[in-house]
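First comes the structure, then the notes that go with it.
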Protein chains: 2
Amino acid sequence: MPDCAHCPVRDHSLCAGMKAEDLVHVSERTDQLEAPAGQVLYFEGDAARFFFTIRRGVVRLVRSFPDGRRSVVGFLHAGDFFGGGFRRDVYDATVEAITPLEYCRIGITDLNELTEEFPELNRQLASMAADRLHAADDHIVLLSRKTAIEKVAAFLLASAEWTGKSSDFALPMARSDIADYLGLTIETVSRTMTRLIDHDIIELPTPQRVMIVDWPALKSLACPEAS
Amino acid sequence: MPDCAHCPVRDHSLCAGMKAEDLVHVSERTDQLEAPAGQVLYFEGDAARFFFTIRRGVVRLVRSFPDGRRSVVGFLHAGDFFGGGFRRDVYDATVEAITPLEYCRIGITDLNELTEEFPELNRQLASMAADRLHAADDHIVLLSRKTAIEKVAAFLLASAEWTGKSSDFALPMARSDIADYLGLTIETVSRTMTRLIDHDIIELPTPQRVMIVDWPALKSLACPEAS
DNA sequence: CGACAGATTGAGTAGGGTCAAAGAATGTGG
DNA sequence: CCACATTCTTTGACCCTACTCAATCTGTCG
């Protein structure tokens with residue numbers, strides 16, 4: 001049985017508001033699992049039977065067209081909670097591990113029973129839904145009204161925040177994931193990164209590692225002020 | 001005091017799951033209001049104190065940049081529920097009436113008290129959040145991976161569904177709203193409509209009224225198949 | 001009827017896409 | 001441990017879609 005009391009994301013996920021002594025009720029219904037990079041947790045359209053919490057690693061949420069076009073609707077990190085399909089009974093998007101993953105899984109019916117016993121879970125669920133909705137709106141603004149360089153700058157800043165605002169961090173996802181997230185092609189993502197390097201705003205020690213050299217410049221690109 | 005039992009959106013909104021005899025508890029905490037077209041219900045960033053339900057009319061949710069760029073993150077119709085800002089205490093977006101509006105308003109603290117008394121409201125809230133999230137993901141896919149004609153076709157189809165899949169319906173919003181929703185300019189929206197007319201797929205008796213002539217063609221444009 | 005906002009049309013341009021090739025990085029088997 | 005294969009990334013040349021700027025048209029309302 002998982003030891004939720006010592007979970008690394010104890011205070012940043014679903015059970016953040018729960019009393020320590022109640023946690024055991026969550027633990028006994030939760031499976032602790034691992035997955036290698038690349039593994040699919042579930043497919044868009046599958047019958048939705050589980051909720052998931054990431055303890056370590058990164059996943060991508062993907063929507064695909066019949067003709068092969070792909071859109072990454074989001075990246076999720078340690079502490080993030082996803083799955084379900086609340087009213088609808090199918091998953092909204094395909095979820096794939098980008099890095100090796102440690103995660104927890106709980107059945108939808110189990111979670112529903114838990115919310116009856118511990119109504120504070122509802123508050124947590126609602127606030128996570130609100131966060132996701134806010135993130136989705138940010139994404140919509142980014143996609144509809146930002147240029148390539150603004151998109152990439154905003155993405156790099158967000159990535160830095162996921163890793164604790166460090167100036168030197170990993171980009172675990174491939175360029176194709178970034179492109180499908182930003183609504184660009186991989187070529188444009190690559191060219192734009194190069195432009196940022198040429199302007200001495202970032203450095204790329206390896207393709208999967210970023211150093212932010214000029215924070216103010218990156219920020220003003222990501223959130224353009226009135227000219 | 002509002003008469004929730006005979007509300008036109010009684011079965012399509014927040015209180016859809018409630019028993020008739022409990023509705024009075026909602027009624028006595030709800031204000032029934034009206035607003036003319038163009039009125040702002042609240043601004044992005046305002047302290048969030050209310051939730052809203054539309055009984056009649058259409059609103060737009062707007063996010064703005066400091067430099068004037070604008071993004072319409074969604075349109076909401078009769079039965080839709082919005083406002084709040086669950087965990088955050090400010091509204092996520094500005095909400096403006098597009099048509100004359102009839103709506104209901106309930107205080108956040110009142111709603112919180114109601115959910116304690118009537119936990120089934122939580123289920124309704126969660127499912128509405130899930131619907132909004134699904135819609136946001138659809139919007140993300142549309143913005144990131146669709147061409148202008150696909151975007152406009154998808155928008156017209158969605159508009160037709162809001163009005164009961166009629167072939168002849170009103171477009172209450174201006175071209176600038178459509179443009180800011182689809183991530184295009186008004187000129188491109190206009191040109192694309194003209195293209196659809198030239199191909200005998202739609203007609204525009206007036207700029208604010210659409211007739212769909214060729215449903216299959218419109219559908220195949222909106223959801224492109226594998227070639 | 002005239003004025004104004006909103007919508008359409010036109011001409012020219014540029015940002016990002018497409019197609020193609022070369023260059024790293026990682027992994028595999030000998 | 002190295003050679004090779006594979007995949008991912010970067011760079012280059014060219015093109016097209018959608019944007020910009022500008023004029024005209026249409027519908028609405030005083």
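- The distance from atom CZ of B/Arg175 to atom P of D/dC25 is 19 Å, rounded to the nearest whole Å.
- Heavy atoms of B/Leu204 sit under 4.0 angstrom from primed sugar atoms or phosphate atoms, though from no base atom.
- Nucleotide C/dG6 holds its C1' atom 18 Å from the CZ atom of B/Arg209, rounded to whole Å.
- Between B/Asp198 and B/Arg191, no side-chain nitrogen of the basic residue sits less than 4.0 Å from a carboxylate oxygen of the acidic one, so the salt-bridge criterion is not met.
- Residue B/Ala170 comes nearest to B/Arg209 through the heavy atom pair CB-NH2, 3.8 Å, listed as atom of the first residue, atom of the second, then distance.
- One interatomic measurement links the two molecules: CG of B/Asp177 to P of C/dG6, which rounds to 10 Å at whole-angstrom precision.
- The two residues B/Arg70 and B/Val62 make their nearest non-hydrogen contact at CG-CG1, 3.6 Å.
- Residue A/Met173 is the one, among A/Met173 and A/Arg145, whose nearest nucleotide of DNA chain D lies closer to the 5' end (criterion: closest heavy atom).
- A pairwise comparison of heavy atoms in B/Val189 and B/Ala179 identifies CG2-CA, 3.7 Å as the closest pair.
- In terms of position on DNA chain C, the residue among A/Ala148 and A/Thr206 whose nearest nucleotide sits closer to the 5' end is A/Ala148.
- In this structure, A/Gln208 reaches the sugar-phosphate backbone alone: every heavy-atom distance under 4.0 Å involves primed, P, OP1 or OP2 atoms, never a base.
- Nucleotide C/dA7 holds its C1' atom 10 Å from the CE atom of B/Met193, rounded to whole Å.
- Across all strands, A/Ile178 comes closer than 4.0 Å to no nucleic acid atom at all (heavy-atom distances).
- Atom CG of B/Leu171 and atom P of D/dG27 are 16 Å apart (whole Å).
- Between the P atom of C/dG16 and the CG atom of A/Leu143 lies a distance of 13 Å, rounded to the nearest Å.
- In this model, a side-chain donor or acceptor of B/Arg191 finds a partner on the base of D/dT20 within 3.5 Å.
- Here the side chain of A/Glu187 is nearest to one of D/dA22, D/dA18, D/dT11, namely D/dT11.
- When all heavy atoms of A/Thr188 and A/Ala148 are compared, the closest pair comes out as CG2-CB, 3.9 Å.
- The CG atom of A/Asp198 sits 12 Å away from the C1' atom of D/dT10 (whole-angstrom rounding).
- Side-chain N/O atoms of B/Thr185 include none lying less than 4.0 angstrom from OP1 or OP2 on D/dA18.
- Taking atom CG of A/Asp180 as the reference point, atom C1' of D/dC8 lies 14 Å away to the nearest angstrom.
- A sub-4.0 Å separation between OP1 or OP2 of D/dT10 and a side-chain N or O of A/Thr194 is absent.
- The residue B/Ile186 sits apart from the nucleic acid: no heavy atom pair falls under 4.0 Å.
- Heavy-atom nearest nucleotides on DNA chain D were determined for B/Thr188 and for A/Ser190, and the one closer to the 5' end corresponds to A/Ser190.
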